[in-house]
Asks: 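Quick one: structure below, then a few questions.
Model, not experiment: these values are computed from the prediction. When a ligand or atom number is given, it counts from 1 through the structure's own listing order.
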Amino acid sequence: MQNNRYGGGCAKCSVWVFEGGGFLHKTDGGWVVKCATCRDLGALYESEEFDPADIGLHLPTVRSPLTARFVSLRVLGLTRECWKCHRDTTCLAGLYPERPARGFNSLHIGDEDTLALTQKLLQQGGRSDLAATIKSRYSSTMGSRYLSVGCVHCDALQGDFYLQDEVIERLHLHGLGGLENLLVVDCPVLDWYPVVHQNSGGIWIDS
Ligand SMILES: [Zn+2]
Ligand SMILES: [Zn+2]
């Protein structure tokens with residue numbers, strides 16, 4: 001991988017990398033930029049001894065001076081009928097960069113890291129009404145408590161699995177335009193890396 005002389009957005013995280021701070025990476029779709037963090041973590045994933053469950057130990061705790069401090073993210077959602085009270089409710093669907101970098105192709109949804117960050121961003125962006133729908137709830141399917149999305153009216157769990165299915169279906173039919181743009185907000189890059197590098201890797205989007 002060679003050093004990039006110019007500024008550019010990282011293909012893995014969409015964080016802006018200043019001149020000389022990024023790395024050029026060849027993919028099937030051509031050359032893309034990677035930031036130092038995503039390059040290092042990508043190399044770790046490829047090494048055989050690496051256990052993805054240990055990713056937390058390898059996430060940066062200090063921002064590289066050659067990357068931007070914030071990445072602008074869109075909080076995406078969808079409106080649908082609550083199974084319990086039958087009123088329309090806004091469900092949180094995922095996080096996506098406002099300006100995705102060349103090569104960026106995942107929508108991050110549903111898991112606890114993403115929901116915890118989504119909640120923080122909604123609070124910062126003045127949408128405490130939506131932030132309040134994310135809570136630790138008991139799921140009988142999972143047999144434990146975990147962060148989930150509930151109905152804005154009656155708080156009933158909207159069910160991860162069904163919600164994700166619907167998000168995938170809308171993406172399939174309409175692309176990102178099938179989801180609602182609930183908020184655009186600046187997210188500190190150190191909060192974004194754990195979501196980008198979690199095990200699930202998000203949903204693939206054809207851009
Ligand atoms: Zn990156
Ligand atoms: Zn409801």
Side-chain angles (χ1 to χ4, degrees), residues 1-4 6-27 29 31-46 52 55-56 58-73 77-92 95-108 113-114 117 129-135 137-139 148-160 162-163 166 186-202 205 207:
M1 230 182 273
Q2 67 193 93
N3 228 271
N4 186 22
Y6 307 101
C10 171
K12 176 75 184 169
C13 65
S14 274
V15 169
W16 188 260
V17 190
F18 303 124
E19 285 169 39
F23 300 88
L24 288 170
H25 181 71
K26 192 165 182 158
T27 67
W31 292 91
V32 298
V33 175
K34 283 244 178 118
C35 72
T37 297
C38 294
R39 181 203 56 167
D40 294 348
L41 292 173
L44 255 184
Y45 270 111
E46 280 163 25
I55 190 72
H58 301 278
L59 291 167
T61 52
V62 178
R63 178 183 60 96
S64 156
L66 290 173
T67 59
R69 193 177 293 269
F70 295 98
V71 56
S72 181
L73 298 179
L78 57 92
T79 302
R80 62 171 198 170
E81 191 185 303
C82 168
W83 61 271
K84 195 168 183 191
C85 72
H86 302 289
R87 292 159 81 184
D88 278 349
T89 182
T90 302
C91 294
L92 299 160
L95 296 172
Y96 195 77
E98 188 192 12
R99 289 175 294 274
R102 179 182 159 80
F104 185 91
N105 52 28
S106 19
L107 172 69
H108 292 279
D113 282 342
T114 310
L117 178 59
D129 56 328
L130 293 175
T133 66
I134 301 174
K135 266 186 210 166
R137 293 180 179 83
Y138 182 78
S139 155
S148 59
V149 175
C151 171
V152 294
H153 309 290
C154 75
D155 202 45
L157 175 71
Q158 295 303 297
D160 261 25
Y162 301 103
L163 192 55
E166 189 159 346
D186 279 341
C187 172
V189 297
L190 290 178
D191 289 345
W192 179 229
Y193 284 134
V195 167
V196 170
H197 290 284
Q198 70 199 330
N199 294 338
S200 72
I205 305 229
S207 44

Asks: Do Cys13 and Phe104 have side-chain heavy atoms sitting under 4.5 Å apart?
Replies: no
Asks: Does the side chain of His108 reach to within under 4.5 Å of the side chain of Asp113, using non-hydrogen atoms?
Replies: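 The answer is no; the side chains never approach within 4.5 Å.
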Asks: Please assess Phe70 against Trp192 for the test side chain to side chain contact (heavy atoms under 4.5 Å, CB included), listing each intermediate value before the final yes or no.
Replies: CA-CA 9 Å; Phe70 295 98; Trp192 179 229; over 6 Å; no
Asks: Between His197 and Tyr45, how do the two ring planes meet: parallel, tilted or perpendicular, split at 30° and 60°?
Replies: parallel
Asks: I need the SG(Cys82)-the Zn ion (ligand 2)-SG(Cys85) angle, rounded to 10 degrees.
Replies: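 The two atoms subtend 110° at the Zn ion (ligand 2).
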Asks: Could you confirm whether His86 has any N/O/S atom lying under 2.8 Å from the Zn ion (ligand 2)?
Replies: no
Asks: Is the distance from the Zn ion (ligand 2) to some N, O or S atom of His153 under 2.8 Å?
Replies: no
Asks: Report, rounded to 10°, the angle at the Zn ion (ligand 1) between the two atoms SG (Cys38) and SG (Cys35).
Replies: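 My answer is 100°, to the nearest 10°.
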